[in-house]
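This report refers to the structure that appears directly beneath it.
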Amino acid sequence: MVSASLHSDLIAAVATPPGQGGIGIVRLSGHGAKSLAEKVAQAKLEPRKAVFTKFFHAGQVLDEGLVILFPRPNSFTGEEVVEFQGHGSPVVLQLLLNTLCEQGARLARPGEFSERAYLNGKMDLAQAEAIADLIASASATAARGAMRSLQGEFSARVNALAAGLEKLRIFVEAAIDFPDEDVDILADHQVLTNIQQLRQQLADLLAQTQQGQLLAEGASVTLLGAPNTGKSSLLNVLAGEEAAIVTDIPGTTRDLLKVDLIIGGIPIRLVDTAGLRETSERVEQLGIERAQKQAQLAEVILVVVDASQGQDIDEEVSRLCGLSELRVGDKRIFVVMNKQDLVSRIDTNTTYAICHVSAKTGDGMEILRQHIQQRVGFVAQEAPFTARARHVDALQVASAALQQAQDCLQNKHETEIVAEELRLAHNALGEIVGTVSADDLLGKIFSEFCIGK
Amino acid sequence: MDYPDQFDVIVVGGGHAGTEAAAAAARMGVRTLLLTQSIETIGQMSCNPAIGGIGKSHLVAEIDALDGIMAKAADAAGIHFKILNARKGPAVRATRAQADRVLYKNAVRKMLEQQPNLSLFQQSVVDFVIQNNTITGVVTQMGLVFSCRCVVLTTGTFLGGKIHIGTENHAGGRAGDAPSIALAHRLRALPFRVGRLKTGTPPRIDGRSVDFSNLEVQPGDDPRPVMSDLCTSMDHPRQVNCFITRTNPQTHKIIQDNLSRSALCSGAIEGVGPRYCPSIEDKVVRFADKNEHQIFIEPEGLNTTELYPNGISTSLPFDAQLAFVRSIEGFAKAHITRPGYAIEYDYFDPRDLTHSLQTKVLDGLFFAGQINGTTGYEEAGAQGLLAGINAARKSQHQATWEPRRDEAYIGVMVDDLVNLGTSEPYRMFTSRAEYRLRLRQDNADQRLHELGLHLGVIGEQRAQHFAAKMHQLESLRSQLASAKVQPNSALAAALLSLIGVGVSKDTDLLELLRRPDVNAASIATILAGHIGTQQASTATMRGADLLGQIEIETKYAGYIKRQDNEIAKIRRHEGMSLPQGLRYNDIDGLSNELRFKLSDARPATLARAARIPGMTPAALSILLVYAKKFAHGDSAATG
Ligand SMILES: Cc1cc2nc3c(=O)[nH]c(=O)nc-3n(C[C@H](O)[C@H](O)[C@H](O)COP(=O)(O)OP(=O)(O)OC[C@H]3O[C@@H](n4cnc5c(N)ncnc54)[C@H](O)[C@@H]3O)c2cc1C
Ligand SMILES: Nc1nc2c(ncn2[C@@H]2O[C@H](COP(=O)(O)OP(=O)(O)OP(=O)(O)O)[C@@H](O)[C@H]2O)c(=O)[nH]1
Ligand SMILES: [Mg+2]
């Protein structure tokens, strides 16, 4: 039933984590990968032979590096795959990606390479959960990435755009399906004005999102926990410098503290937060609110528990989730039992992934680093960078369709064509915020207008 | 007694669904019986005497393309024809016909009586014969048992029907007809999900008591459109005008004052009514700021003085109906011939059906029409056609036809119903069809003819007609492609003077038609005046239609291609079944909302899951991954 031909269209993405020097890989998979690659590399490709060449776009050299063809079925995805290994600069990688997409490939969705590999039998079937998890977390990473680049406004603004577009479609669809009604819904110039406004909002959002996209930013890892559990101490050890103030007074850290570091080649932004507890103290309370927000945006949440307190781990994590508005069982949570030097017992009685460390002695820190690398790398392999580009892509499709809709309206083309362009714009936004059904639209029409004879 | 003859298909109910179902099965050559309460009411229009309208005439065209009866009956009975949405584009353009109720009914009955393989029998059905979850026959009121392979049930508003006028109510299937109570009980005992819906109808008015002198006249269109490909306007009876009047603040005040006595407000009605077809009391309450509402006055027929005032459906008590009607311009002395009423009835949750309209509960039992939660003759007729075809096929052990959303409005309707269910009477609108630009009235035959031939539901006459049309279309197309306009030629000069279009290089007429400033009419002028050949064919109505089709083809080519790509992508998802046992609640990475919706809808394919509101590409990918795992026999994902 699940046929390999399902996903034969050509997809492309950056396959290495963002922001690193050295090499960067752009991967192309699907029907026609070879011929497109030969066009861009201006070289003949043979199976599994690395060819050193220049990459071209419109006669201009973009970069140089290796190009390798992996014919099906012996490739990562089981489809025809070509890898471009160039310089790692995000700007160059993005340009190469743009070139490929202009010439027939489309941007891969988050997790799509692994998805294809799985569907084509390149991965163990038992890995379904892991793949599903990857797709979900890569998509969520994309959303969080976009959100971070616009200070949390992104989804609110895309939602507002989608709502505006929906309102517009209600007018146009009502004009088509209910022409008998007394009001000529399209006659008043509202529709044109609305399209223009939406286009402006979309253009603003696009400009800002594209900026954000170029900022090569590390995956976000956040330390969370009760006061005095040793969060700041852990940050200092991981960062290799005394970045945070450490005291034995609970409630020392008040504000967010961010340090950038590299673990296993992956850029990471590690964030220390205020200890979570009920408090009436104003400054501390504000710090806790920031901690809550930060947790929503993080790829990995390190929940720090003081091992010397002998608490039930799951109960403690649940309590902390309550204080920080996280869902109990959130897949991003990773429990770090700190101050292990004070106790001899190693408590592993928990449903969460866990490790045991001592910030004081440094015991277990290497394992912690490896855990972080694994968790972040899992997502990074499907490049959040690409995922965010996907959003830009959707916004661009919406923008082009709106432009068409406006032209059609101004040139007095058939209403059904205006409606079609608006539908396409709406669908594009739907890729980010979820689809809208015709029935939803009709429902809004009925509540907006007095319909019916 | 057991009736001695065996049938392949028995259709229960002679309304719009039942008649199409019976005719379709019989056209396919299987032994068919139509069992209905009364042969006199076969093809009866329960509500307004009109066929077609936006979205609906697309269904009629599709029924016609598969050689059904509705379009032909509408041409035989139509006394006022209009094209709607003429300027909004060819895909949303629609045709509507006012019909003479009696002529319509007669036309339907005549077609059924002339149909080989079809027998009629007048009796109410009260029970089913069931063996091992398979239906094998029906039992009528007088205890007659008819055996068959498949049953199509099309009993409309009759199941548990209850009529309301003001605070009064009584059992009834439609004014003047008895409800089906025994059958409703029988069905409620089976594991179907049953709900209540309601709809209403306006009071009818005697035309002799109406003063038309100040009313706006609405004549039919000239040239007059036709409904069926096989008919011409020569088949139409005498044409008449419609009129328009309006309610006023006085009307609204009377309604407001009597609201507490309406069936709706007294809480006597539990069924949900259609939001797009509200009663007048609904409109007055919900849109209180409007001080008038349009009423279309439609004649009920050529040989009756009764009028149908479209727009004032009501369930107010009779005295209030009379008072508000008489407050309306032209109706000051109106005599009501039949009071308006609301009717409540049982419907079955269409999510208990497959896309072939067979029920998931009983093998061999098909449902069509109003009992599936729809409203309207066209919606009923289209479902009847589909159910009739599939019952016939199943009775011959052939695979059923499950129409797709990209091939027909019938497919859109069935998919909406089966996939999402409905909470109010479902009516077709063009906005329900995402591939609207392809699903046009003008190309219904091109979309469905071949399929119809394959199904064996299309007769000889139509097959020949279609072949001739395709032939003409092809020769017209090649004529256009070979007619070159050279710059500075006489033809170019003619073009410039006639339609103000200049050419700078050799251009054929087909290319010319692609330009936004050139249309079919101007090309027809050029063809007729300056090329000489084929004058006759483009000058006829048919010729003009063909040219129009070529214009749509060329102008919309880009849009159609884009939709084709979209469809190809979705087709792939269609081939991907989702295991019915998937435990959506256990799938990480789906939002709670989606988990809930998926568990509820249990979509059979990935394509259907994709249409659930709120779906995202990531969520679809996740479903795909789990489906693959399931396919390889990992039962952990199921339960
Ligand atoms: C009061 C009223 C108002 C309506 N208003 C509108 C409207 O505003 N707009 C609109 O689009 N549509 C309206 N309709 C709906 C329209 O009439 C129906 O959608 C359409 O007729 C449905 O067709 P059908 O074939 O499903 O059922 P029907 O046309 O109702 O036909 C049912 C048939 O089944 C027969 N039957 C019933 N029970 C049995 C039995 N046990 N055994 C044998 N035969 C049986 C009946 O005699 C009848 O012939 C209205 C209907 C009514 C009654
Ligand atoms: N024995 C032992 N003490 C530790 C360890 N880690 C931290 N501490 C001590 O615990 C106290 C609190 O450490 P911090 O790092 O300030 O704790 P915090 O979680 O940042 O606390 P707040 O900022 O108040 O929320 C300090 O006195 C540290 O020296 C450890 O691994 N072992
Ligand atoms: Mg601290």
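Scope of the values below: all heavy atoms of this structure, side chains included, with no hydrogens, waters or symmetry mates. Quick caveat: nothing in here was measured; it's all calculated off a predicted structure. All chains are named by letter (A, B, ...) in the order of the sequence lines, taking the proteins before the strands, and each is independently numbered beginning at 1.
For the atom pair B/Lys88 NZ and A/Asp177 CG, the distance stands at 10.0 Å (nearest 0.5 Å). To the nearest 0.5 Å, atoms CG (A/Leu119) and CG (B/Leu624) are separated by 4.5 Å.
Checking side-chain atoms of A/Glu416 against main-chain N and O of B/Ala91 turns up a donor-acceptor pair under 3.5 Å.
Across B/Asn85 and A/Ala175, no two heavy atoms sit closer than the pair OD1-O, 4.2 Å.
Of the atoms belonging to B/Pro202, not a single heavy atom falls under 4.5 Å from chain A. Contact annotation for B/Gln563: only side-chain heavy atoms (C-beta onward) come within less than 4.5 Å of a heavy atom of chain A. Residue B/Ala433 does not touch chain A at all, counting heavy-atom pairs closer than 4.5 Å. When heavy atoms are compared at a cutoff of 4.5 Å, A/Asn427 approaches chain B solely by way of its side chain, counted from C-beta outward. Within the 4.5 angstrom heavy-atom criterion, no atom of B/Leu623 approaches chain A.
Annotation: maximal heavy-atom pairing with chain A below 4.5 Å, among B/Pro90, B/Ala94, B/Pro309, B/Ala610, occurs at B/Pro90. Across B/Arg87, B/Lys555, B/Glu434, the residue that shares the most heavy-atom pairs under 4.5 angstrom with chain A is B/Glu434.
Using a 4.0 Å cut-off between charged nitrogen and carboxylate oxygen, B/Arg93 and A/Glu414 do not count as a salt-bridge pair. Contact check on A/Glu173 versus B/Arg436 returns a salt bridge, with a Lys/Arg side-chain nitrogen under 4.0 Å from an Asp/Glu carboxylate oxygen. Of the charged side-chain nitrogens involved, at least one lies within less than 4.0 Å of a carboxylate oxygen, so that B/Glu566 and A/Arg423 count as a salt-bridged pair.
The 12-atom threshold is not exceeded at CZ of B/Phe596, counting heavy atoms of other residues, nucleotides or ligands nearer than 6.0 Å. Counted within 6.0 Å of NE2 on A/His413, heavy atoms from surrounding residues, nucleotides or ligands total more than 12; the atom is thus considered enclosed. Applying the 6.0 Å contact sphere to CZ of A/Arg327 captures more than 12 heavy atoms from other residues, nucleotides or ligands.
In this model, no donor atom of one side chain and acceptor atom of the other lie less than 3.5 Å apart for B/Tyr556 and A/Glu420.
You'll find the side chain of B/Val92 stays beyond 4.5 Å of the side chain of A/Thr415, heavy atoms only.
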